[in-house]
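Note sheet for the following structure.
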Amino acid sequence: MISPEPNSVCQVPGSRPVCYVALVFVFGTICLDRLRRVPRLPPLGGYTEVQDESLLLGGEAANTANALRKWGAEVLLAGNGLGAGPDADLLRELISDKGLKPFLVSDNLDGDEVFGSTTPVCDIYVTPDGERTMFGRGFSTMGLTIDIAALPFQAGAWFTAEPNMEEESRQVAKKAAEAGMNCYLMDFLRDDDPIAPGSYWQSSTDWAGHRNNMQKNVQWVKDWVARHGCFTILSDGPNGFVAGSPDIAARAYPPYPAPSVVDTTGAGDMFRAGMLYGLQQGWAQAKCLQFAAAAGCLKCAALGATTIVPTVEKVLGYVEEHAQVSRQYC
């Protein structure tokens, strides 16, 4: 365990040096989560009573940006259009309530062109074991509503994205790397994805590797590292995760014990936020992994991805409290 180092100074070419406090550019999905608790999922053709329903801010990018902002990081959020109508109005209100100001609007666009025609909505059904089943509307037609060249890429700052906007996400990730940003990509799985050597990459066994088989996941991560030269993290839910890089041998890391599992929605996004926060602080990679894993674990005690973010002090305290698990990260 080491103490945080001073934040680095980022410099945009042709400008004076500017000091950013943990600046992270988060690009990707911003949506409305319609979260419903149910006692069980019904069989095909069956019925289950909905116990309660909540409308919450969601989307991988919004979830990650929300956590980082709560931890005091300077965050830039950009992503898809928000649409128009009651769902869009509610989504903008939820974004504002979290203190986030998405970089969405270009001066040369107005009206529905800016905000897109459909508000992405994710219907999430959560069962008592904390597992969630999701149905989406408007995600297949999501698009960026501003010129990619207008996005404020800043050399030396951190950039993170997921590929839900398909080619636009990949173009933005490529531009960020070309601008000299430190890149952290999540769920980029195509052979031609812009995964640069020395970058960070994260996914889960929902999309890659082998569920419930850590031995095979270690080999999968070794192969991915050999192919891309990036720091690779592959999570497997309650089984923990595998991580490795060109300098650190791939191995399994145990999970922190969850105090309770209410809802796993957004746990991976919280993990990503925890890694980015630690990396911006200049922490050793082992401490970043500890913080990320503990934060993702604590998130599962709350319903929804953005309702509660554990404080930095609480996450670090949880790492210290579970010293036996934490030592296995070093």
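These numbers come from the heavy atoms of this one structure, side chains and all, not from hydrogens, waters or symmetry mates.
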To the nearest 0.5 angstrom, please state how far the [atom1] atom of [X] sits from the [atom2] atom of [Y].
{"X": "L56", "Y": "T265", "atom1": "CG", "atom2": "OG1", "value": "9.5 Å"}
{"X": "R272", "Y": "L68", "atom1": "CZ", "atom2": "CG", "value": "8.5 Å"}
{"X": "S140", "Y": "N164", "atom1": "OG", "atom2": "CG", "value": "11.0 Å"}
{"X": "L100", "Y": "R92", "atom1": "CG", "atom2": "CZ", "value": "15.0 Å"}

Could I get the full list of salt bridge (Lys or Arg N to Asp or Glu O under 4.0 Å) partners for [X], not counting sequence neighbours?
{"X": "E321", "result": "none"}
{"X": "D206", "result": "R211"}
{"X": "D97", "result": "none"}

The criterion is side chain to side chain donor-acceptor pair (under 3.5 Å); which residues satisfy it with [X], sequence neighbours excluded?
{"X": "D52", "value": "R37"}
{"X": "D191", "value": "none"}
{"X": "Y256", "value": "S326"}
{"X": "T205", "value": "D236"}

Under 3.5 Å donor-acceptor, D147 side chain and A149 backbone: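 A pair under 3.5 Å: yes.
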
For the side chain of K98 and the backbone of N63, is there at least one donor-acceptor N/O pair under 3.5 Å apart?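 Side chain of K98 to backbone of N63, a donor-acceptor pair under 3.5 Å: no, none is there.
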
Restricting to pairs with a member in residues 52-72, which pass ring pair (Phe, Tyr, Trp, His ring centres under 6.0 Å), not counting sequence neighbours?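 For residues 52-72, and leaving out neighbouring residues, the ring pair (Phe, Tyr, Trp, His ring centres under 6.0 Å) pairs sorted by first residue read W71-Y277, W71-F291.
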
Keeping to residues at least two apart or across chains, list the ring pair (Phe, Tyr, Trp, His ring centres under 6.0 Å) pairs with something in residues 36-64.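 Listed once each, the pairs would be none.
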
Report the C-alpha distance between R190 and E167 in whole Å, list the side-chain angles of each, state the deciding distance to 0.1 Å, and finish with yes or no for salt bridge (charged side-chain N to carboxylate O under 4.0 Å, His left out). CA-CA 11 Å; R190 281 185 0 191; E167 297 311 314; 2.8 Å; yes

With heavy-atom distances below 4.5 Å as the criterion, would you say the side chains of [X] and [Y] are in contact?
{"X": "W158", "Y": "L23", "result": "no"}
{"X": "D33", "Y": "L55", "result": "no"}
{"X": "F135", "Y": "I124", "result": "no"}

Using the side-chain hydrogen bond (donor to acceptor under 3.5 Å, both in side chains) rule, take S203 and D187 through it: C-alpha gap first, then chi angles, then the decisive distance, then the call. CA-CA 5 Å; S203 191; D187 296 334; 2.7 Å; yes

Could you please spell out the steps behind the side-chain hydrogen bond (donor to acceptor under 3.5 Å, both in side chains) verdict for T29 and E162? CA-CA 8 Å; T29 307; E162 28 79 12; 3.2 Å; yes

Can you label the angle between the F25 ring and the F27 ring as parallel, tilted or perpendicular, going by 30° and 60°?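 Perpendicular: the ring planes of F25 and F27 meet at over 60°.
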
Under 3.5 Å, side-chain donor or acceptor atoms of residues 307-316 against the rest of the protein: list the pairs with distances, not counting sequence neighbours.
residue, atom, partner, partner atom, Å
T307, OG1, L303, O, 2.6
T311, OG1, K314, N, 3.0

So, using side chain to side chain contact (heavy atoms under 4.5 Å, CB included) as the criterion, who are the partners of S96 when residues are at least two apart?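 Testing S96 for side chain to side chain contact (heavy atoms under 4.5 Å, CB included), a comparison that skips the adjacent residues, returns none.
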
Any chance you could lay out the side-chain hydrogen bond (donor to acceptor under 3.5 Å, both in side chains) test for Q290 and Y318, step after step, and finish with the verdict? CA-CA 10 Å; Q290 289 170 342; Y318 206 72; over 6 Å; no

Is there a path from Y125 to L32 through hydrophobic residues (I, L, V, M, F, W, Y) whose side chains come within less than 4.5 Å of each other?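 No, separate clusters.
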
Would you mind listing every salt bridge (charged side-chain N to carboxylate O under 4.0 Å, His left out) that reaches into residues 242-270, with sequence neighbours excluded?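 Residue pairs with at least one partner in residues 242-270: there are none.
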
Pair R40 + E131: basic N to acidic O under 4.0 Å: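 No, this pair does not count.
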
Assess whether side-chain hydrogen bond (donor to acceptor under 3.5 Å, both in side chains) is satisfied between Q202 and Y184, documenting all intermediate values. CA-CA 8 Å; Q202 176 187 326; Y184 192 115; 2.6 Å; yes

